[in-house]
Amino acid sequence: MDSLINRRILLIDDTPAIHEDFRKILTPQTDNAGLDDLEAQLFGAPTRSRQQPFELDSAYGGEEGLNKVTQALAQQRPYALAFVDMRMPQGWDGVQTIERLWQADPRLQVVVCTAYSDYSWEDLLERLQGHDRLLILKKPFDNIEVQQMASTLTSKWEMTARALLQMHHLEDLVARRTADLERAGTALQQEIDERKQLENQLVQSEKLASLGQLAAGVAHEINNPIGFVASNLGSLGGYLQQIGQMLSAYRQSEEAIAAPEVRKRLQSLRESIDLDFLQEDIPLLIKESREGIGRVEQIVKDLKNFSRVDSDQQWQLADLQQGIDSTLNIVANEIKYKADLVKDFHELPPIECLPSQLNQVVMNLVVNAAQAIGPERGTITLRNGVDGEHVWLEVSDTGCGIDAQHLQKIFDPFFTTKPVGKGTGLGLSLSYGIVKKHGGQISVRSQPGVGSTFRVELPIRQVPQAAAGEVD
Ligand SMILES: Nc1ncnc2c1ncn2[C@@H]1O[C@H](COP(=O)(O)OP(=O)(O)O)[C@@H](O)[C@H]1O
Ligand SMILES: [Mg+2]
């Protein structure tokens with residue numbers, strides 16, 4: 001703060017004698033200092049504290065004064081105070097000079113010295129607009145008045161400078177605090193967002209877990225009856241075929257029946273039940289029933305997978321690319337009439353996973369992509385790659401896209417927009433469960449009418465406890 005002490009004074013006056021007077025008043029001879037020292041030696045302590053001396057510069061006209069002020073500013077040694085003579089016949093008068101000085105250095109305190117004035121004091125103030133930095137000193141002046149003005153106004157300069165510095169300091173502080181607050185606010189918002197996301201994931205996992213248990217029970221219950229219905233349908237088909245053969249044999253021997261009324265009765269009975277049609281239709285009915293049961297079996301299998309009841313698989317290091325390729329082979333038929341397949345594959349490291357479950361994820365995504373494509377032929381694009389500790393797979397389609405209102409629900413079990421018989425609504429929730437089990441992420445970007453992209457990210461290595469805990 002001491003650097004703010006400023007005792008520099010500039011006197012602007014065209015009369016050299018005035019400069020002499022000021023010098024005597026403001027910078028008395030330094031032998032005083034010697035006297036003080038002597039006094040201190042004699043009496044043991046200084047009798048008065050020595051004030052910082054004034055530093056007085058002289059200019060003999062307004063222009064010269066302005067030069068000194070600008071130079072001093074450039075050297076970062078500004079004047080605190082200027083005494084300016086009002087009447088200077090050559091060049092600028094006092095008022096003009098003061099105007100210029102303040103343009104250069106608005107902080108400068110000014111005393112205007114005048115015997116008689118060309119301006120009234122009111123005019124002067126009006127014109128200079130510097131009421132708070134301007135004092136008037138009437139000639140002839142009193143020494144003590146000059147000294148007091150110099151002391152008071154240089155101190156005023158210092159105090160103003162200090163206040164300004166303090167203000168900057170405060171502004172700085174406020175700016176820093178505001179920035180801190182803003183940072184804290186952003187961090188908080190980030191945390192809230194993360195929590196919300198975690199909460200969503202948790203809700204999703206909870207839903208899956210409770211549904212998993214339910215599904216496991218249902219799958220188990222349905223599995224038996226379905227098993228015997230399927231096998232009975234198989235036997236029934238065989239039996240009916242044999243009966244059909246028998247009926248044909250009877251029919252051939254019909255002519256050999258001697259009693260005409262018996263023959264006639266047989267014939268009219270055959271016509272009334274339309275035996276020909278029955279023989280044609282029965283195998284079709286059996287076939288359809290078997291297909292229906294096949295579909296139910298598939299659903300039960302999905303349910304079981306979904307609830308992980310029979311996941312006796314082992315975690316192993318496997319080639320995900322191989323899984324993708326073989327899965328694509330299996331679903332090739334589903335795709336080939338609907339879409340062109342574009343593959344943008346990169347070399348993947350082996351990853352620690354349950355390979356057949358991941359195949360199912362791929363299968364679900366590709367089948368969904370194919371099903372999203374309408375009557376017009378589309379494109380399904382598969383991309384994969386490595387990103388740090390993860391591998392990723394994206395399945396994009398040029399299909400119908402997903403409505404915003406459905407986006408939140410597509411991973412829910414049994415959510416489907418497909419007609420009964422075509423969609424179970426289990427594919428994505430199953431896939432979600434599998435990907436989570438691998439410690440990965442599944443996400444979707446979609447634009448209705450344009451297409452969708454599903455992205456799966458999987459860690460290359462499992463964190464030990466996650467892997468161990470999740471294997472059923
Ligand atoms: N690639 C896709 N394009 C458009 N919609 C999709 C796509 N994948 C999934 N969906 C939507 O998500 C729903 C749920 O999918 P999923 O769980 O696989 O069940 P499902 O296919 O049996 O309906 C679908 O019914 C469909 O509305
Ligand atoms: Mg599906």
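Order of appearance sets the numbers: ligands from 1, and atoms from 1 within every ligand.
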Q: With a cut-off of 4.0 Å, which atoms of ligand 1 are near a heavy atom of Asp397?
A: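 Listed by number with element: 1 (N), 2 (C), 3 (N).
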Q: Would you mind checking which non-hydrogen protein atom is closest to atom 27 (O) of ligand 1, with the distance to 0.1 Å?
A: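 Checking every protein heavy atom, the shortest distance to atom 27 (O) of ligand 1 gives Thr417 OG1, 2.5 Å.
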Q: Is ligand 1 under 4.0 Å from a heavy atom in the side chain of Phe454, in the backbone, in both, or in neither?
A: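 Within the 4.0 Å criterion, Phe454 contacts ligand 1 through side-chain atoms alone.
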Q: Take every heavy atom of His406, measure it against each atom of ligand 1, and state whether any distance is under 4.0 Å.
A: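 No, that is not the case, since the closest heavy atom of the residue is not under 4.0 Å from the ligand.
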Q: Relative to ligand 1, is Thr416 under 4.0 angstrom through side chain, backbone, both or neither, heavy atoms considered?
A: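 Contact part for Thr416 vs ligand 1: both backbone and side chain.
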Q: Tell me which protein heavy atom sits closest to atom 17 (O) of ligand 1, plus the residue, atom name and distance to 0.1 Å.
A: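 Answer, as residue, atom name and distance: Leu428 N, 2.7 Å.
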Q: List the closest protein heavy-atom neighbour of atom 19 (O) of ligand 1: residue, atom name, distance to the nearest 0.1 Å.
A: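 Ranked first by proximity to atom 19 (O) of ligand 1 is Gly425 CA, 3.2 Å.
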Q: Between Arg100 and Glu63, does at least one N-O distance fall below 4.0 Å, as a salt bridge requires?
A: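 Answer for the salt bridge query: no.
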Q: Kindly say whether the aromatic ring centers of Trp392 and His346 come within a distance under 6.0 Å.
A: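 Ring centroids of Trp392 and His346 are no less than 6.0 Å from each other.
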Q: Look at the side chain of His390 and the backbone N and O of Val386, then say whether any donor-acceptor pair between them is shorter than 3.5 Å.
A: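 Side chain of His390 to backbone of Val386, a donor-acceptor pair under 3.5 Å: no, none is there.
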Q: With a 4.0 Å cut-off on heavy atoms, is Gly399 touching ligand 1?
A: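 Contact absent.
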Q: Looking at Gly427, which atoms of ligand 1 are within less than 4.0 Å of one of its heavy atoms?
A: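 Taking each heavy atom of Gly427 in turn, ligand 1 has 16 (P), 17 (O), 18 (O) under 4.0 Å.
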Q: Before signing off on this row, confirm whether Asn368 and ligand 1 have an N or O atom pair separated by under 3.5 Å.
A: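 Yes, Asn368 has an N/O under 3.5 Å of an N/O on ligand 1.
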Q: Is a salt bridge present between Arg265 and Glu261, judged by a nitrogen-to-oxygen distance below 4.0 Å?
A: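 So Arg265 does not pair with Glu261 through a salt bridge.
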Q: Any salt bridge between Arg127 and Glu99, counting N to O under 4.0 Å?
A: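 A salt bridge links Arg127 with Glu99.
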Q: Counting heavy atoms only, which of Asn364, Asp412, Ile402 comes nearest to atom 4 (C) of ligand 1?
A: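 Closest candidate by heavy-atom distance is Ile402.
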Q: Please determine if Glu55 and Arg8 form a salt bridge, counting it only when a charged side-chain N lies under 4.0 Å from a carboxylate O.
A: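 Result for this pair is yes, salt bridge flagged.
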Q: So does Lys287 pair up with Glu291, basic N to acidic O under 4.0 Å?
A: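 Salt bridge between Lys287 and Glu291, a charged N being under 4.0 Å from a carboxylate O: yes.
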Q: Among all protein heavy atoms in this structure, tell me which lies nearest to atom 3 (N) of ligand 1, with the distance rounded to 0.1 Å.
A: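 Nearest neighbour among protein heavy atoms for atom 3 (N) of ligand 1, to 0.1 Å: Ala372 CB, 3.2 Å.
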Q: Backbone or side chain, does Asn368 get an N/O/S atom under 2.8 Å to the Mg ion (ligand 2)?
A: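 Yes, Asn368 qualifies, because one of its backbone or side-chain N, O or S atoms lies under 2.8 Å.
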Q: Starting from atom 11 (C) of ligand 1, find the nearest protein heavy-atom neighbour and note its residue, name and distance.
A: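 Result for atom 11 (C) of ligand 1: Ile410 CG2, 3.8 Å.
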Q: One thing to verify: whether Arg445 and Glu394 come together as a salt bridge, which I'm taking to mean a side-chain N less than 4.0 angstrom from a carboxylate O.
A: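 Counted as a salt bridge, because a side-chain N and a carboxylate O are separated by less than 4.0 Å.
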Q: Under a 4.0 Å N-O cut-off, is there an ion pair linking Asp57 with Arg77?
A: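 No, Asp57 and Arg77 are not salt-bridged.
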Q: State whether Arg455 and Glu457 are salt-bridged, where the test is any N-O pair (Lys NZ or Arg NE/NH1/NH2 against Asp/Glu carboxylate O) under 4.0 Å.
A: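 Salt bridge between Arg455 and Glu457, a charged N being under 4.0 Å from a carboxylate O: yes.
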Q: Starting from atom 21 (O) of ligand 1, locate the nearest protein heavy atom and write down its residue, its atom name and how far away it is, to 0.1 Å.
A: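 Of every protein heavy atom, Lys418 NZ, 2.6 Å lies nearest to atom 21 (O) of ligand 1.
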Q: Could you check atom 14 (C) of ligand 1 against the protein and tell me its nearest heavy-atom contact, residue, atom and distance included?
A: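 Among all protein heavy atoms, the one nearest atom 14 (C) of ligand 1 is Phe415 O, 3.2 Å.
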